[in-house]
Amino acid sequence: IFDIDPDFPIEGWEQHKNELKSCGKMTFEGRHRTKDGRLFPVEVNTNYVEYKGRFLAVAFDRDVAERKKAEEALRASEAKYRSIFDNAIEGIHQSTPEGRFISVNPAMARMCGYESPEDMIANVTDISTQYYANPLDRERFKKHVHERGSIDAIEYQARRKDGSVFWVSTNSRMVRDDQSQTLYYEGRSYDITDRKKTEEALRASEERFKSIVSTSQEWIWAIDAAGSHTFSNPAVENILGYRPDEIIEFSASTQLIFEEDIPKMRELMARSIEQKTGWSNVIIRWKHRDGTYRWLESNAVPILDDTGDR
């Protein structure tokens with residue numbers, strides 16, 4: 001046995017016999033040596049037997065090299081996942097249907113104002129009231145994820161440890177056991193407070209612009225590259241006698257411009273498209289609903305898309 005087991009010293013044999021006699025049987029892992037000297041891992045199951053007054057150790061040895069490789073691969077995979085979990089910039093979390101966090105990563109704890117994942121898991125005992133700013137959002141989340149199995153970009157307000165509220169977007173899925181019973185929810189959450197503030201500022205700006213445009217006494221309009229009106233504010237009715245929706249049907253370059261001013265309008269349009277510039281203080285005669293013409297001073301700027309085209 002000492003020839004094939006390099007980890008079993010001969011001086012330890014008596015101790016091994018005594019331990020085996022005391023226990024009756026033992027299971028342990030070690031290494032065996034092949035005829036050509038190669039070492040491989042084994043699992044040894046040995047039993048104490050007395051036969052005709054003599055001690056016998058009856059052992060069953062199993063090659064566990066493949067199992068060891070699988071265990072090492074699993075450890076490597078778990079280490080990789082742990083690294084991703086710990087170093088992710090988004091909040092990663094698992095929670096029970098009853099409302100307790102099972103696990104949260106450092107980013108989730110920081111986002112919610114806790115000192116560590118352990119601090120958050122220990123102190124949040126009811127997710128619906130301690131994490132969600134509105135407990136109904138937790139019920140809405142559970143309803144959707146149970147109906148669909150997963151949910152993307154659900155937005156809600158969450159509460160930090162200090163009670164302050166912030167906006168969150170969460171992608172989540174439901175994890176079930178073999179009997180289709182819900183085990184837990186796992187998801188990734190992102191702090192979208194800055195985006196929400198930007199969206200709100202944009203909405204407020206658009207509302208202010210809409211109010212200014214709709215109440216302005218000056219005619220504010222938009223035309224496309226073909227010269228057709230795409231927008232008009234209400235002031236056009238006082239100036240030309242048309243409602244805004246009627247103006248949309250007309251071409252600025254041919255139907256509403258005095259015949260002698262059409263070449264000037266077309267030149268302005270062509271130069272604006274080519275040079276991506278507008279014009280200012282240009283006087284053009286526009287046709288009123290009653291058939292007369294109005295001298296109007298026009299200022300225009302081009303609206304370009306992300307590629308710099310009109």
Side-chain angles (χ1 to χ4, degrees), residues 133-134 137 140 144 151-157 165-171 190-310:
N134 182 354
D137 285 333
R140 179 169 62 99
H144 289 332
I151 192 166
D152 294 328
I154 185 171
E155 296 181 359
Y156 55 91
Q157 286 185 301
V165 173
F166 65 107
W167 279 96
V168 177
S169 175
T170 293
N171 302 321
Y190 308 82
D191 185 340
I192 59 170
T193 304
D194 289 342
R195 193 196 80 192
K196 283 290 187 179
K197 289 180 179 178
T198 300
E199 291 173 351
E200 182 57 34
L202 179 60
R203 278 193 295 270
S205 176
E206 289 175 343
E207 286 300 317
R208 287 194 298 271
F209 175 76
K210 182 178 179 180
S211 176
I212 292 171
V213 169
S214 63
T215 59
S216 174
Q217 298 304 303
E218 296 181 334
W219 180 25
I220 301 174
W221 48 262
I223 55 176
D224 60 21
S228 298
H229 280 281
T230 59
F231 171 79
S232 175
N233 73 333
V236 67
E237 191 163 5
N238 292 328
I239 295 173
L240 294 181
Y242 296 100
R243 298 191 312 273
D245 59 302
E246 293 177 311
I247 285 293
I248 302 301
E249 301 175 3
F250 292 110
S251 169
S253 59
T254 58
Q255 294 176 281
L256 291 176
I257 303 295
F258 183 63
E259 185 176 352
E260 294 179 5
D261 291 342
I262 289 177
K264 181 194 293 186
M265 186 63 175
R266 287 176 173 169
E267 181 184 350
L268 287 171
M269 290 285 296
R271 185 169 66 245
S272 177
I273 293 172
E274 180 181 356
Q275 300 179 3
K276 296 180 175 60
T277 58
W279 62 80
S280 60
N281 304 321
V282 174
I283 297 176
I284 294 177
R285 285 165 288 185
W286 293 76
K287 184 183 295 184
H288 192 276
R289 190 186 193 98
D290 63 10
T292 60
Y293 288 90
R294 300 290 189 271
W295 294 82
L296 303 180
E297 183 179 78
S298 176
N299 300 282
V301 294
I303 299 176
L304 308 177
D305 60 22
D306 294 337
T307 64
D309 293 328
R310 291 174 64 88

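Just the heavy atoms: all of them, side chains too, but no hydrogens, waters or symmetry mates, feed the values below. Predicted model, so just to flag it, every value in this text is computed and none were measured.
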Reported [atom1]-to-[atom2] distance for the pair [X] and [Y], which is rounded to 0.5 angstrom:
X      : Y      : atom1 : atom2 : value
Ser169 : Asp152 : OG    : CG    : 9.0 Å
Ile284 : Met265 : CD1   : CE    : 5.0 Å
Glu260 : Tyr293 : CD    : OH    : 9.5 Å
Thr198 : Ile192 : OG1   : CD1   : 11.0 Å

Determine whether a donor-acceptor pair (N or O, by modelled atom type, separation under 3.5 Å) exists between the side chain of [X] and the backbone of [Y].
X      : Y      : result
Asp191 : Val168 : no
Ser214 : Lys210 : yes
Lys264 : Ile283 : yes
Glu246 : Arg243 : yes
Ser211 : Glu207 : no

Between [X] and [Y], which heavy-atom pair has the shortest distance, and what is it?
X      : Y      : answer
Asn171 : Ala153 : OD1-N, 2.6 Å
Ala225 : Met269 : O-CE, 3.8 Å
Tyr156 : Arg140 : CB-NH2, 4.2 Å
Asp137 : Gln157 : OD2-N, 4.3 Å

Within the structure provided, determine whether [X] and [Y] are in side-chain contact (heavy-atom separation under 4.5 Å).
X      : Y      : value
Leu256 : Ile247 : yes
Lys287 : Leu240 : no
Arg195 : Glu155 : yes
Asn238 : Trp219 : no
Asn299 : Ser280 : yes

Salt bridge Arg271-Glu267, side-chain N to carboxylate O under 4.0 Å:
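Answer for the salt bridge query: yes.
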
Would you call the rings of Trp286 and Trp221 parallel, tilted or perpendicular if under 30° counts as parallel and over 60° as perpendicular?
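Correct class here is tilted.
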
Before you tell me yes or no, could you show the steps for Arg203 and Glu200 under salt bridge (charged side-chain N to carboxylate O under 4.0 Å, His left out), namely the whole-Å CA-CA distance, both residues' side-chain angles and the distance that decides it to 0.1 Å?
CA-CA 5 Å; Arg203 278 193 295 270; Glu200 182 57 34; 2.8 Å; yes

In chain order, what residues pass the side chain to side chain contact (heavy atoms under 4.5 Å, CB included) check against His288, with sequence neighbours excluded?
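With sequence neighbours excluded, His288 shows a side chain to side chain contact (heavy atoms under 4.5 Å, CB included) to Asp290, Thr292, Arg294, given in chain and number order.
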
Of all residues at least two apart in sequence or in a different chain, which pass the side chain to side chain contact (heavy atoms under 4.5 Å, CB included) check with Ala201?
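Checked Ala201 against side chain to side chain contact (heavy atoms under 4.5 Å, CB included); zero matches.
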
Does a donor on one side chain sit under 3.5 Å from an acceptor on the other, for Trp279 and Ser272?
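Not at all, the side chains of Trp279 and Ser272 share no donor-acceptor pair under 3.5 Å.
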
